[in-house]
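Worksheet: the structure to be examined is printed underneath.
Computed from a prediction, not measured in an experiment: that's the story for all the values here. Residue numbering restarts at 1 for every chain, and letters A, B, ... go by the order of the sequence lines.
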Amino acid sequence: MTDLLASLNDEQRQAVSATPGNQLILAGAGSGKTRVLVHRIAWLLQNTDITPYGIMAVTFTNKASREMRERIEEVLGFPARGMWVGTFHGLAHRLLKAHFKDAKLPENFQILDSDDQLRLLKKLVKQLNIDDERFPTKEIQWWINGQKDEGRRAAHIQAWDPQTEAQLTVYSAYEEACLRGGFVDFGELLLRAHELLRDNQHLLEHYRERFQYVLVDEFQDTNTIQYAWLRLLAGETGAVTAVGDDDQSIYGWRGAKIENIQQFEQEFSGVRTTRLEQNYRSTGSILKAANAVIENNDDRLGKELWTESDDGEAISLYSAFNEQDEAHFITERIEQWVEQGHRRDSSAILYRSNAQSRVLEEALIRAGIPYRIYGGQRFYDRLEIKNALAYLRLVISRNDDTALERVINVPTRGIGNKTVDVVREFARDHGCSMWEAMQQVLQHKLLTARAGNALISFMHLIDQMDQATDDLSLAEMTEQAIEMSGLKDHHLKEKGEKAQARLENLDELVTAAKVYDADEEQPASPLRQFLDDAALDAGEQQAEENIDSVQLMTLHSAKGLEFPQVFLAGVEKNIFPHKMSFDEPGRLAEERRLCYVGITRAMEKLYICYAESRRLHGKESFNGPSAFIREIPSSVIEEVRLRTQVTRPVSAVKGFSSVHAAADLGVKLGQRVFHQKFGEGVIMAVEGAGGNARLQINFDYEGSKWLVMQYANLRPMEE
DNA sequence: ATGGTCGGGTTTTTT
DNA sequence: ACCCGACCAT
């Protein structure tokens, strides 16, 4: 057995070997957070009388929980059986499954993902005659989820204005529909798991006694209901180890409460706090930049990262002429980096919003550099996958209206809107499921013979699929469902790359099902398990992850990752910090934390780029450098100057000719100039030559103007 | 039932 | 600029 403490620094060792009790570990970026968490668990198992059975480890993503289990078992050298490791949602699901009766749920309750939820809400909004122009369903969904995150049910809420009233009406109807259909959405998993423990003393006591240690990663991301659940579970005797970094809280907009980490010390008794401030990831310059930026936030718990390694290379700041130039610059630098013998996947390009990725992708394609985009649509969210799963859901439960509505006419089988309307209305009037309604509607001959026959053959189809359940493996069954439903033919008939991809995805789904068949521990219902996992897990990322490629992702998705070389693209006003974050006060601080996250992803080399001019959403804008850039000490920054050698694709002709015209006049595009009346600005474009030449200048305060060079009397600025 | 147009929106994302 | 959803015409 390895000596767990040998390879740790003093603070890490203190955190790992702390005496029993509540513990807060404030772990800066790159300070070995996961390592401490993993070692803490191993240490507890080796040095106290606790067994894996008494430990729970909670994370936010499935990926994180898989990694955590792997690393624990690696350190221990044996499988940690009996230990609960999972996401908040996964663990809540587990509790609800185990105690479905106490949770007042049907045994086979179905998890609704956001898409299912939205569809159901849309249906209800329609039924309730709510004007969805005035109250968009998306907003109602957002609101309901927000309420659940705060632990509030419809019955707890008072409506004082028309909007809340409308939302509340839908919330109530939605609760009822979920109850009747046996649906549980993501928020409901947490809310109900909380209520389960709160309202069942015997269960609470049981789990309190069992889980003497609860360890929570990314504690700064917990929302109200998650915190309440932990608080309840821990009681006065259990011990919670909260690991997190208030400076990396970037999910406030979806309900995460940074206050949770700030209040932890007060609300849990006898908390020992350890700060992990030694950084093992980045160079000195990068850390100086990160520290300087985050210092501008108030209400921090306070940490300052330091490193034993030297300053390394300065941070390069590139002021691009426009977004094309920015992308071009980045690809060039990546080419150089690769020529120096580095792998492509040691470089990452990070941006604030997904819309920025396009130009970057185009430039990478032009340069022939393979890249991979993280994020985007998840595997189990894809249309063809959701359709196939919907058939399987119907096999398990005919009363799953959400699944039924989804595929009753996919592929088209002559069951049009009108027919579905009749069934839906019948179901609503009689408070039964749509499947039951179909049977009734047929019996009472409420439909034309043609529509009736279509319904009958659909019902028959599902029943046939069901019969296959008994003697087929899950993979075979999935394959059958895809074939029998006609989904395969449907996509075979479509043309284009998209259809091809859909077919491949369906194959992939069958492959995913095979994993369950190979599993030694066969669950009671492999299909049920498969569907639950599909709802709770994103599925692995897209294919081709094995080729060495440059990594592209949003700043949010970059949290938790590290790369030798990082490019922060589009570090401009209005984009980052995003203009949407200006209204609310706390938002700017969150954007700054996002910036801190971005900077601290870099290990060796960091580039910060912004464009003087950017075409986004079809409009040209001149945002100017982000305020965050000015927060970085100039001593660690080195500006890159190569604008005159900019080559641009011929498609962007206007700027192209400008470059040459500007050179003839002895000015540079992108050059900062001072004007007597308008103040400071940047030369954006040049038109004409000699005495008539006009310059387009984007002034910091006056906006963009065309001036005749001869009269403008411009003074070049020192940058 | 399907395809085409028109208009609105457009930060971040997991479960 | 582009994507998606709603509505309308075939």
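Scored by the side-chain contact (heavy atoms from CB on, under 4.5 Å) test, A:Ala154 finds A:Leu168, A:Tyr171, A:Ser172, A:Glu175 as partners (sequence neighbours excluded).
The interatomic distance linking A:Leu616 (CG) with C:dA1 (P) rounds to 12 Å, in whole Å. Rounded to an integer number of Å, the gap from CG of A:Leu594 to P of B:dT11 is 15 Å. With rounding to whole Å, A:Tyr374 atom OH is found 13 Å from B:dT14 atom P. The distance between atom CG of A:Asp381 and atom P of C:dC4, rounded to the nearest whole Å, is 14 Å. A:Leu118 places its CG atom 16 Å from the C1' atom of B:dT15, with the value rounded to the nearest Å. With rounding to whole Å, A:Ile575 atom CD1 is found 13 Å from B:dT10 atom C1'. The nearest whole Å value for the distance from the CZ atom in A:Arg66 to the P atom in B:dT14 is 13 Å.
Looking at A:Arg393 and A:Asp400, a side-chain N of the basic residue comes within less than 4.0 Å of a carboxylate O on the acidic one, giving a salt bridge.
Ring to ring, A:His93 and A:Phe109 are close: their centroids are under 6.0 angstrom apart.
Atom C1' of C:dA6 sits at a distance of 25 Å from the matching atom of B:dT11, rounded to the whole Å. Spacing of C1' atoms, C:dG5 relative to B:dT12, comes out at 23 Å, to the nearest Å.
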If you look only at distance, which donor and acceptor atoms sit under 3.5 Å apart when one is on a side chain in residues 126-141 of chain A and the other is two or more places apart or in another chain?
unit_1	atom_1	unit_2	atom_2	d
A:Asp131	OD1	A:Glu133	N	2.9
A:Gln141	NE2	A:Ser114	O	3.0
A:Gln141	NE2	A:Gln117	OE1	2.9

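Relative to the side chain of A:Glu591, the nucleotides B:dA1, B:dT11, B:dT15 differ in distance, and B:dT11 lies closest. Side chain of A:Arg254, nearest nucleotide from C:dC3, B:dT14, C:dA1: B:dT14.
Residue contacts for A:Gly187: at a heavy-atom cut-off of 4.0 Å it reaches no nucleic acid atom on any strand shown. Counting any heavy atom pair closer than 4.0 Å across all strands shown, A:Asp221 reaches no nucleic acid atom.
Residue A:Arg352 places none of its side-chain N or O atoms closer than 4.0 Å to OP1 or OP2 of B:dT10. For the pair A:Ser557 and B:dT13, the criterion of a side-chain N or O lying under 4.0 Å from OP1 or OP2 is met. Under 4.0 angstrom from either OP1 or OP2 of B:dT2 there lies at least one side-chain N or O belonging to A:Thr412. Distances shorter than 4.0 Å separate some side-chain N or O of A:Asn354 from OP1 or OP2 on B:dT12. In terms of phosphate contacts, A:Thr554 brings a side-chain nitrogen or oxygen within less than 4.0 Å of OP1 or OP2 of B:dT13.
For the residue pair A:Gln220 / A:Arg593, no side-chain donor-acceptor distance below 3.5 Å is found, with atom types taken as modelled.
In this pair, A:Trp84 and A:Tyr207 present their aromatic rings tilted. The plane angle is within the 30 to 60° band. Classification of the A:Phe186-A:His89 ring pair by plane angle, with boundaries at 30° and 60°, yields perpendicular.
With centres under 5.5 Å and a plane angle under 30°, the ring of A:His578 is stacked against the base of B:dT11.
Using a 4.0 Å cutoff on non-hydrogen atoms, no part of residues 137-149 of chain A comes near DNA chain B.
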